[in-house]
Amino acid sequence: MTVIRLPGPQGALAEHGTAVVSDALDLAGLPGQVWGQRRLSGTGPVVGPAYTVAFEPAGDRPAPAADYVDEVPPGAVVVLAAGAPSCTVWGDILTEVAVARGVAGTVIDGMCRDLDGIRDLDYPLWAHSAFMRSGKNRVRMTAVQQPVVLGRGEEALTVRPGDTICADGSGVTVVPAGRLDEIVASVRDIGAMEALVLDDVRAGMPLREARAKHGYNRAARAAREDRR
């Protein structure tokens with residue numbers, strides 16, 4: 001895995017990646033795994049504070065393209081609750097502006113378009129898929145920097161402005177802002193434990209024995225009732 005050297009807590013999340021962050025969230029009894037996200041562009045891990053934007057179906061009323069990207073601070077991760085499954089809310093123009101502003105990446109509970117152009121810029125992007133149909137007059141922006149819900153049903157997850165997004169090739173995780181230090185400490189502990197397991201396995205120890213020796217299975221999913 002390519003490691004992006006970030007300072008402080010962000011650096012720990014980037015170093016260990018979403019799999020370890022997910023385990024730390026499980027240990028804390030927290031939701032935080034965003035269902036269905038695929039990296040469509042960019043490489044390496046991305047970590048940064050969430051900048052949230054919500055959309056809803058436009059119905060019969062006109063709905064212009066959403067203008068918010070000029071306010072996204074450098075280093076933030078744009079998180080879009082797309083509001084409709086059949087059109088897009090991100091494309092190459094938004095990407096050009098995001099790159100120029102130093103935005104860290106974009107996560108879409110929905111789809112993007114202009115994927116070839118986005119990949120040409122190597123911009124980090126996670127979404128369900130790509131589709132060319134415009135969101136203009138199909139969805140309307142309803143909120144910026146307010147809590148948004150990604151996913152549906154059992155997998156629905158609330159993301160708040162300033163929550164820490166950690167995303168890589170395995171998907172997207174969300175660490176609540178008020179629990180960041182706790183999760184980072186757990187991530188470091190789990191990462192160190194997994195390194196010890198790997199050292200022993202590489203030295204010839206059976207995997208079952210190495211896992212038992214270092215408490216691998218204690219980094220397990222919390223009880224379901226504690227997740228929400």
Side-chain angles (χ1 to χ4, degrees), residues 1 4 6 9-10 12-14 16-56 72 75-85 88-90 94 98 103-112 115 118 123-131 139 142-180 182-184 186-187 190 219 221-222 224 226-228:
M1 180 178 71
I4 296 176
L6 295 171
Q10 290 189 1
L13 301 186
H16 293 288
T18 60
V20 177
V21 174
S22 175
D23 288 352
L25 290 164
D26 280 351
L27 278 176
L30 293 172
Q33 301 90 354
V34 183
W35 176 254
Q37 291 293 314
R38 297 175 55 238
R39 191 219 303 272
L40 300 184
S41 179
T43 58
V46 164
V47 181
Y51 186 96
T52 59
V53 184
F55 296 81
E56 67 179 8
V72 180
V77 179
V78 177
V79 176
L80 304 176
T88 62
V89 292
W90 187 273
L94 284 165
V103 175
T106 296
V107 173
I108 309 170
D109 185 27
M111 293 178 287
C112 73
L115 184 56
I118 294 169
Y123 180 74
L125 176 76
W126 287 259
H128 294 297
S129 186
F131 187 46
V139 291
T142 58
V144 174
Q145 288 293 74
Q146 297 294 322
V148 298
V149 177
L150 308 185
R152 301 292 181 272
E154 187 176 280
E155 295 293 344
L157 178 68
T158 299
V159 181
R160 294 172 175 82
D163 286 351
T164 297
I165 305 297
C166 177
D168 59 19
S170 294
V172 178
T173 55
V174 182
V175 179
R179 306 289 292 272
L180 179 59
E182 170 194 350
I183 297 301
V184 166
S186 183
V187 162
I190 294 169
R221 182 179 183 272
R224 187 178 193 85
D226 293 334
R227 291 184 69 230
R228 302 192 184 279

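Atom set for the values below is all heavy atoms of this structure, side chains included, hydrogens, waters and symmetry mates excluded.
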Nearest non-hydrogen partners of L125 and C112, listed with the distance: CD2-SG, 3.4 Å

Separation of L150 CG from Q33 CD (nearest 0.5 Å): 13.0 Å

L25 vs I183 side-chain heavy atoms within contact, under 4.5 Å: yes

Check: A177 main-chain N/O paired with D163 side-chain donor or acceptor under 3.5 Å: yes

Whether W126 side chain and D168 backbone form a donor-acceptor pair below 3.5 Å: yes

Point-to-point distance, once rounded to the nearest 0.5 Å, from OG1 of T88 to CG of L115: 11.5 Å

Nearest-0.5 Å distance, CE of residue M111 to CG of residue L80: 13.0 Å

Test item: V89 and V139 side chains (from C-beta on) under 4.5 Å apart, heavy atoms: yes

Shortest non-hydrogen separation from A104 to P124 and the atoms involved: O-CG, 3.4 Å

Note, Y51 side chain near V103 side chain (heavy atom, < 4.5 Å): no

Which atom of D109 lies closest to which atom of G151, heavy atoms considered: OD2-N, 2.9 Å

Residue pair G75 / P49: nearest heavy atoms and the distance that separates them: O-CD, 3.6 Å

Worked verdict on L157 versus W35 for side-chain contact (heavy atoms from CB on, under 4.5 Å): CA-CA 9 Å; L157 178 68; W35 176 254; over 6 Å; no

Which atom of A130 lies closest to which atom of L40, heavy atoms considered: N-CD1, 4.2 Å

Donor-acceptor pair, side chain of T173 and main chain of G32, under 3.5 angstrom: no

R39 side chain vs P45 backbone, donor-acceptor pair below 3.5 Å: no

Beyond-backbone contact of V34 with I165, side-chain heavy atoms, under 4.5 angstrom: no

Heavy-atom closest pair, residues V79 and A50: CG2-CB, 3.9 Å

4.5 Å side-chain heavy-atom contact, L30 and R179: yes

Under 3.5 Å donor-acceptor, T52 side chain and Q146 backbone: yes

Flag side-chain contact, heavy atom, 4.5 Å: L13 against V184: yes

CA sep, side-chain torsions, deciding dist, call: V46, V77, side-chain contact (heavy atoms from CB on, under 4.5 Å): CA-CA 8 Å; V46 164; V77 179; 3.9 Å; yes

Contact check, side chains of I108 and H128, non-hydrogen atoms, under 4.5 Å: no

Flag side-chain contact, heavy atom, 4.5 Å: V47 against C166: yes

